[in-house]
Trainee: 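Quick one: the structure is below, and I'll ask about it shortly.
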Amino acid sequence: MKEKLYPFGSIEKKWQKYWNDAKLFNMDTNSNKEKYYCLVMFPYPSGKLHVGHGRNYIIGDALVRYKMMKGYNLLSPIGWDAFGLPAENAAIKDKLHPKKSTLNNISIMKQQLVQWGVGYDWTREVTSCMPDYYKWTQWIFLKLLEKGLAYKRKAAVNWCPSCKTVLANEQVLNGFCERCETKVIEKDLEQWFFKITDYAQRLLDDIGGLKDWPERVKAMQGNWIGRSKGVNIDFSVEGDDIKLSCYTTRVDTIFGVTYMVLAPEHPLIAKLIENNPDKEKILSFITKVRQEEKIARQAADVEKEGIFIGRYVINPVNNKKIPLWIGNYVLMEYGTGAVMAVPAHDERDFEFAKKYKLDIEVVIDNPKEHINVSGMRSAYIEDGIMVNSEKFNSLNNREAMEKIADWMQEEKTGKRSVHFKLRDWLISRQRYWGAPIPIVYCEKCGIVAVPEDELPVLLPEDVTFSGNKLRGQSPLAGSKEFVNTKCPKCKGSAKRETDTMDTFVDSSWYYLRYLSPGDSNKPFHKELVNRWLPVDQYIGGVEHAILHLLYSRFITKVLYDLGYVDFNEPFKALFTQGMIIKNGAKMSKSKGNVVSPDTLIERYGADTIRLYTLFIGPPEKDAEWNDRAVEGAYRFLGRLWRLVDKVSKASKVEGKAKSNKDLERKIHQTIEKVTKDIEGDFKFNTAISSVMELVNAAYLCFDKENSLLVKEAAKTAVILLAPFIPHIAEELWQRLGNSPSIFNYPWPKYDKIKAEEDILILPVMINNKLRSRITIEKAASEERIKEAVLADDKVNAWIGEKKIKKFIVVPGKLLNIII
RNA sequence: GCCGGGGUGAUGAAAUUGGCAAACAUGACGGACUUAAAAUCCGUUGGCCGAACAGGCCUUAAGGGUUCAAAUCCCUUCCCCGGCACCA
């Protein structure tokens, strides 16, 4: 064991206790200071935290402490996203009840957070698996149900034939079950959904107002919602009064339609093939395609397959008769499940048409090179000039797209429409460790909501987690006391819903609960929530870019529409921190590359880990953990400690005027730089490096002249670093003669004039190459500068006899002479 | 394929209204201190030519352009990471 550079162990314990006793992080509802709500994504209690997890909390804590010094009234809460699969899987494997393992993990992680020195208002802790919390998750379900935003329907879900259970999407890896590696198939089951699609347009539009969200997150959400603009066109079936509706974004190609393809799941197929002699063949084709795993079928590289069903439809714009096919490449979930095929201008249709020798008709010509159908090797998908399109010929296709849409609207052959990729949110889980869906099934009354005053529907604790008889159902189905109940309406016998809710429902509203965590009468306090939200800064991993953040936005909008909150978006600003990588991979227990904070805290102290974590690189970027560089952070803390030790006795200004002035300037420049770096984009790495420069400068000054100013420099370094390394900062602050807590002191202000250089060293370039430097006072006029430059020996040597063509002076920056 | 973000020393990285490329740190090397080591303090450290801490040339993925001036702006190409993807 190496010798300690400073007694971090006792210092850290001392100040952690002090903050706790002083209730430093307890939010004061009555304060009249401006509010600041800093939220970190609440953790899933998985066991022990590693240094990768720490980045999130350390960034949040640094910001909270900084804002505190800036004079804000801080709300910095924490809680536990405590329902979920891993706890249940552990229950099956280790026979440990999920409640026990979860609560145990929470206490371990809580201790780790305290050791890290991250400050939270622990009086506001929420735990989503406790009845006093999930009661209100159930309440949210009821509100959505009342509003018609929760509904039950049969849906195709991921089914593992070996485990005989439904899998969540995230449990399906490339089409295989993550546990037993069996191929996952599609199965129709009755499931509960939230109608998020009703909010698609608003969720998309309001992305525009999220100015302080990362571009990539906004792009991902926009992508996911996937709005497209097009036209719906009805094609009538020849010899029948059926109409087949299809959706296209390329109505400019309507004259080039040569066949139509239906998804194998299309509901009208049965009727269309009723009298077909090849009915059996067609049905067996459909069965074959539907048996293929959904995931595999949706991949673009799967060979296109189809079958002609002996029927024709009429293209409404030109009355052309075109054959009707079924194809494996058409999806029932998107659009209408029927596609008008334009092989000349769509790659997929082209591939299909070539394979089955279907007609190809060019309707958009390449303006650079005339397209010849017989010579086509692939579809022409670029823009071009309209051909074979009657009165739209010779128009540019983009222009024609609008004109055709208008014309079809007038003729009532088509209707402009908008489609989204976003699907409704499937919230049912055949799992135990989640909030029970508050629904009862009554033989007489049907689906009945559990009345609000009967909430919570308690999750029974004595259930069986494994065993053959339960396969395919939630373990709750095995608990008779739970399942058998009375109908709230008719009081007759009824059965409870045994599925639980997706844990993303729990986490879609937790940030509201922090304002009134103990309230047993309502989910959240309207007035407090309206005062404190939207969250000023949300911090978390980019892996939640879509699901959690989209669901939270959705639930907030629903609550807004129902009049429970006055804000429409929950998170004003979002920061997504990068991952910590070790040996080229994300830290994880299964990869065995986790770095434990506990041993590092023991060896170097929490402040070292905090400093290193913030110094490692730009916080939004992934970063490789480097044990040697951790030691560098530790060395710096030792250096800071010794500097304060040296200067704490200084009491006289003794230095030479010039170096005093230099150091004073450096102090103010550093305050400016650190403030701007934190306020800007959380550039903690460069903020820290500039304080390191200040400390280096103070060292160089100290040896020559033991002045009060060096003490001032040390003091400044300590206070500027306080948000990053709070324990040592408190200690040094006290040793410098101040009373605790440093976080009650105002953040230092810089003096713009003192920060300014008065003497400039201007680089002189000749023909764009650096040749000399001149020293000149800041206020020098352009004339004065020219004079000084032309008096410089080096400059004269380079110019020689040559003529000066141009003399460029960039004030305060440099000079360039062109000869 | 589409969308988003990137590519700078041995390494993590600085520098973005265009203005000294490589701050700060890690590693390496050297000096002081020490019986010695550790720790500490002080230096050197992009590449090439060169005896030189003379001087010069080159250098921000590659190529071109704009400009007195480009890591930064524009065009072309390549590569890496993330998301979406047979979405009609």
Side-chain angles (χ1 to χ4, degrees), chain A residues 2-5 214-224 226-228 230 246-251 253 260-261 263 297-304 327-331 333-342 345-349 351-352 381 419-422 542-543 545-546 578-579 611-612 615-618 620-633 635-636 638-639 642 673 683 685-696 699-700 703 761-773 805-819:
Chain A
K2 277 185 208 160
E3 204 190 327
K4 282 184 181 175
L5 299 182
E215 270 322 302
R216 72 171 156 164
V217 173
K218 291 194 278 185
M220 279 159 80
Q221 290 214 354
N223 242 330
W224 188 262
R227 183 184 197 266
S228 76
C246 73
Y247 170 72
T248 182
T249 54
R250 289 295 305 275
V251 76
T253 63
M260 179 181 272
V261 206
R297 202 182 116 200
Q298 287 188 7
D301 51 10
V302 166
E303 168 138 19
K304 292 185 180 33
N328 64 345
Y329 73 102
V330 178
L331 309 171
E333 307 92 271
Y334 186 77
T336 59
V339 170
M340 58 171 235
V342 187
H345 305 293
D346 182 282
E347 276 165 11
R348 297 152 297 175
D349 298 345
E351 190 190 326
F352 193 81
I381 54 171
H419 281 254
F420 296 93
K421 287 190 205 172
L422 185 69
V542 75
E543 66 273 18
I546 296 168
M579 276 187 316
L611 184 70
Y612 173 66
F615 187 61
I616 194 168
E620 70 281 6
K621 268 183 77 178
D622 290 353
E624 172 83 24
W625 187 267
N626 177 346
D627 291 323
R628 297 305 300 266
V630 174
E631 231 163 294
R635 275 203 292 269
F636 173 73
R639 197 166 149 82
R642 289 187 301 274
K673 171 85 173 135
K683 291 169 14 182
N685 53 332
T686 49
I688 291 165
S689 77
S690 66
V691 184
M692 286 174 169
E693 283 184 57
L694 178 64
V695 169
N696 290 346
Y699 259 88
L700 287 176
D703 293 337
I761 298 167
L762 285 184
V764 181
M765 301 173 88
I766 295 169
N767 283 354
N768 310 323
K769 287 210 179 358
L770 181 69
R771 295 303 183 192
S772 180
R773 287 169 202 279
K805 267 205 217 150
K806 212 168 182 182
F807 200 110
I808 297 153
V809 180
V810 184
K813 295 268 184 174
L814 51 58
L815 301 153
N816 195 1
I817 302 166
I818 309 300
I819 52 173

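Keep in mind the model is a prediction, meaning the values are calculated, not measured. In what follows, every chain begins at residue 1, and chains take the letters A, B, ... in the order their sequences are listed.
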Trainee: When we call it a touch if two heavy atoms are under 4.0 Å apart, what does A/Asn767 touch: a base, just sugar-phosphate, or nothing?
Mentor: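 No contact at all - A/Asn767 keeps every heavy atom at 4.0 Å or more from the nucleic acid.
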
Trainee: Taking donor-acceptor contacts at under 3.5 Å, does the side chain of A/Lys304 reach the base of B/rC86?
Mentor: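 Donor-acceptor pair under 3.5 Å: yes.
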
Trainee: Of the options B/rG83, B/rC20, B/rG43, whose atoms approach the side-chain atoms of A/Leu700 most closely?
Mentor: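 Taking heavy atoms from C-beta onward, the closest nucleotide is B/rG43.
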
Trainee: Roughly how many Å apart are B/rC58 and B/rU11, using the P atom of each and rounding to a whole number?
Mentor: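 Roughly 24 Å separates the two P atoms.
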
Trainee: For B/rA54, what is the paired nucleotide under Watson-Crick or G-U wobble rules, both distances under 3.5 Å?
Mentor: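 Its partner is none (no Watson-Crick or G-U wobble pair with both distances under 3.5 Å).
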
Trainee: Between B/rA13 and B/rU67, how far apart are the two C1' atoms, rounded to whole Å?
Mentor: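 The same atom, C1', in both gives a distance of 29 Å.
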
Trainee: Got A/Arg628 and A/Asn626 here, is their nearest side-chain heavy-atom distance under 4.5 Å?
Mentor: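 Yes - at least one pair of side-chain heavy atoms lies under 4.5 Å apart.
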
Trainee: What integer distance in Å separates A/Arg642:CZ from B/rC41:C1'?
Mentor: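 For the pair A/Arg642 CZ and B/rC41 C1', the rounded distance is 9 Å.
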
Trainee: Could you tell me whether the side chain of A/Tyr612 and the main chain of A/Gly632 form a donor-acceptor pair under 3.5 Å?
Mentor: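 Side chain of A/Tyr612 to backbone of A/Gly632: no pair is present.
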
Trainee: Considering residues, nucleotides and ligands other than A/Arg216, do more than 12 of their heavy atoms fall under 6.0 Å from its CZ?
Mentor: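 It does not: A/Arg216 CZ has 12 such atoms or fewer within range.
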
Trainee: Would you say the side chain of A/Thr249 lies within less than 4.5 Å of the side chain of A/His419, judging by non-hydrogen atoms?
Mentor: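 Heavy-atom side-chain distance check fails, nothing below 4.5 Å.
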
Trainee: Within the pair A/Arg639 and B/rC41, is there a side-chain N or O less than 4.0 Å away from OP1 or OP2?
Mentor: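 Looking at the OP1 and OP2 atoms of B/rC41, one of them is under 4.0 Å from a side-chain N or O of A/Arg639.
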
Trainee: Paired with B/rC29 by Watson-Crick or G-U wobble geometry, both distances under 3.5 Å: which nucleotide is it?
Mentor: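 Because both required distances fall under 3.5 Å, B/rC29 counts as paired with B/rG43.
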
Trainee: Anti or syn, where syn is a glycosidic angle within 90° of 0; which label fits B/rG4?
Mentor: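 With its glycosidic angle more than 90° from zero, B/rG4 counts as anti.
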
Trainee: Name the residue closer to the 5' end of RNA chain B, choosing between A/Lys806 and A/Thr336 according to the nucleotide with the nearest heavy atom.
Mentor: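 Per heavy-atom nearest nucleotide, the more 5' residue is A/Lys806.
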
Trainee: Check every atom of B/rC24, B/rC84, B/rC42 against the side chain of A/Trp224 and return the nucleotide holding the closest atom.
Mentor: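 Taking heavy atoms from C-beta onward, the closest nucleotide is B/rC84.
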
Trainee: So what does A/Arg773 touch, heavy atoms closer than 4.0 Å: a base, only the sugar-phosphate, or nothing?
Mentor: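 It contacts base atoms.
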
Trainee: Between B/rG27, B/rU40, B/rC57, spot the one nearest the side chain of A/Leu5, thanks.
Mentor: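 It is B/rU40.
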
Trainee: When the distance from NZ of A/Lys421 to C1' of B/rC84 is rounded to whole Å, what number comes out?
Mentor: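 After rounding, the reported distance stands at 6 Å.
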
Trainee: Identify, with sequence neighbours excluded, every residue that meets side chain to side chain donor-acceptor pair (under 3.5 Å) alongside A/Asp627.
Mentor: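 Partners of A/Asp627 by the side chain to side chain donor-acceptor pair (under 3.5 Å) criterion, ordered by chain and then number, come out as A/Lys582, A/Trp625.
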
Trainee: Quote, to the nearest angstrom, the C1' distance that separates B/rG46 from B/rU8.
Mentor: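 To the nearest whole Å, 10 Å.
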
Trainee: Sugar-phosphate means primed atoms, P, OP1 and OP2; the rest is base. With that split, encode nucleotides 9-19 of chain B 5' to 3' as B, S or - using protein heavy atoms under 4.0 Å.
Mentor: ---BSSS---B

Trainee: If the C1' atom of B/rA14 is compared with that of B/rU26, how far apart are they to the nearest Å?
Mentor: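 15 Å, rounded to whole Å.
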
Trainee: Taking any strand in view, what nucleotide pairs with B/rU67 in a Watson-Crick or G-U wobble way, both distances under 3.5 Å?
Mentor: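 With both distances under 3.5 Å required, B/rU67 matches none.
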
Trainee: Rounded off to whole Å, could you give me the CD-to-C1' distance for the A/Glu631 and B/rA39 pair?
Mentor: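 Computing the A/Glu631:CD to B/rA39:C1' distance gives 11 Å.
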
Trainee: Output the single nucleotide from B/rU40, B/rC86, B/rA23 whose closest atom is nearest the side chain of A/Ser689.
Mentor: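 Closest nucleotide to the A/Ser689 side chain: B/rA23.
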
Trainee: When the P atoms of B/rG1 and B/rU16 are considered, how many whole Å apart are they?
Mentor: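 Between the two P atoms, the distance is 34 Å.
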
Trainee: Using atom C1' of each nucleotide, how far apart are B/rG9 and B/rG4 to the nearest Å?
Mentor: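 Approximately 29 Å lies between the C1' atom of B/rG9 and that of B/rG4.
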
Trainee: Applying a 3.5 Å limit to both distances, which nucleotide forms a Watson-Crick or G-U wobble pair with B/rG82?
Mentor: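 B/rG82 is paired, partner B/rC3.
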
Trainee: Which base sits across from B/rA15 as a Watson-Crick or G-U pair, both distances under 3.5 Å?
Mentor: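 With both distances under 3.5 Å required, B/rA15 matches none.
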
Trainee: Judged by each residue's nearest nucleotide on RNA chain B, which is more toward the 5′ side, A/Val217 or A/Asp349?
Mentor: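 On the 5' side of the pair lies A/Val217.
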
Trainee: Could you identify the nucleotide paired to B/rA37, looking across every strand shown and requiring Watson-Crick or G-U wobble geometry with both distances under 3.5 Å?
Mentor: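 Pairing partner, where one exists within any strand: none, as none qualifies.
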
Trainee: Quantified in whole Å, what is the P atom distance between nucleotide B/rA23 and nucleotide B/rU45?
Mentor: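 10 Å, rounded to whole Å.
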
Trainee: Looking at B/rC57, B/rG27, B/rA25, which one has an atom nearest to any side-chain atom of A/Lys769?
Mentor: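 Selected nucleotide: B/rC57.
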
Trainee: Check the distance between B/rA88's P and A/Ile381's CD1 and give it to me in whole angstrom.
Mentor: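 Atom-to-atom, A/Ile381 to B/rA88, this comes out as 12 Å.
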
Trainee: Is there a donor-acceptor pair under 3.5 Å between the side chain of A/Asp622 and the backbone N or O of A/Met579?
Mentor: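 Such a contact is found between A/Asp622 side chain and A/Met579 backbone.
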
Trainee: Would you measure the distance from the C1' atom in B/rC86 across to the matching atom in B/rG82 and give it in whole Å?
Mentor: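 The same atom, C1', in both gives a distance of 22 Å.
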
Trainee: Looking at A/Tyr329, I'd like to know if the NZ or CZ of A/Lys304 sits under 6.0 Å from its six-membered ring centre while staying within 45 degrees of the ring's axis.
Mentor: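 Geometry flag: set, cation within 6.0 Å and 45°.
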
Trainee: Any heavy-atom pair between the side chains of A/Val339 and A/Cys246 that's under 4.5 Å?
Mentor: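 A side-chain contact is absent here, since even the closest heavy-atom pair is not under 4.5 Å.
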
Trainee: What is the pairing partner of B/rA61, taking Watson-Crick or G-U wobble pairs with both distances under 3.5 Å in any strand?
Mentor: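 The answer is B/rU77, by the H-bond criterion.
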
Trainee: Report the distance from atom CG of A/Asn223 to atom P of B/rG82, rounded to the nearest whole Å.
Mentor: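 Taking atom P of B/rG82 as the reference, CG of A/Asn223 is at 16 Å.
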
Trainee: Is there a side-chain polar atom (N or O) of A/Tyr334 under 4.0 Å from OP1 or OP2 of B/rA88?
Mentor: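 Answer yes for this pair, as a side-chain N or O of A/Tyr334 is under 4.0 Å from OP1 or OP2.
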
Trainee: Ignoring backbone atoms, test whether A/Arg250 places a side-chain nitrogen or oxygen under 4.0 Å from the OP1 or OP2 oxygen of B/rA88.
Mentor: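 Negative; the distance criterion is not met.
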
Trainee: Using whole Å, report how far CG of A/Leu611 lies from P of B/rU26.
Mentor: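 Value for this atom pair: 11 Å.
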
Trainee: Could you identify the nucleotide paired to B/rG9, looking across every strand shown and requiring Watson-Crick or G-U wobble geometry with both distances under 3.5 Å?
Mentor: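 Paired with B/rG9, as far as the under-3.5 Å criterion goes, is no nucleotide at all.
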
Trainee: When all nucleic acid strands are considered with a 4.0 Å heavy-atom cut-off, which category describes A/Arg771: base, sugar-phosphate, or nothing?
Mentor: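 Counting heavy atoms under 4.0 Å across all strands, the contact made by A/Arg771 is with sugar-phosphate only.
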
Trainee: Measure from CG on A/Leu422 to P on B/rC84 and round the result to the nearest Å.
Mentor: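 Result: 14 Å.
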
Trainee: Should A/Pro214 and A/Glu620 count as side-chain neighbours, where that means a heavy-atom distance under 4.5 Å?
Mentor: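 Of all side-chain heavy-atom pairs linking A/Glu620 with A/Pro214, none is under 4.5 Å.
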
Trainee: Could you tell me the separation between the CD atom of A/Glu215 and the P atom of B/rG4, rounded to a whole number of Å?
Mentor: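 In whole Å, B/rG4 P lies 9 Å from A/Glu215 CD.
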
Trainee: Measuring from the side chain of A/Asn696 (C-beta onward, heavy atoms only), which nucleotide among B/rC24, B/rC41, B/rA88 has the closest atom?
Mentor: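 From the listed options, B/rC24 comes nearest.
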
Trainee: Please enumerate all residues that pass side-chain contact (heavy atoms from CB on, under 4.5 Å) together with A/Asn816, with sequence neighbours excluded.
Mentor: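 Residues passing side-chain contact (heavy atoms from CB on, under 4.5 Å) with A/Asn816: A/Met765, A/Asn768, A/Ile808, A/Ile818.
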
Trainee: Quick check: does any side chain N or O of A/Tyr699 sit under 3.5 Å from a backbone N or O of A/Arg639, one acting as donor and the other as acceptor?
Mentor: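 Side chain of A/Tyr699 to backbone of A/Arg639, a donor-acceptor pair under 3.5 Å: yes, one is there.
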
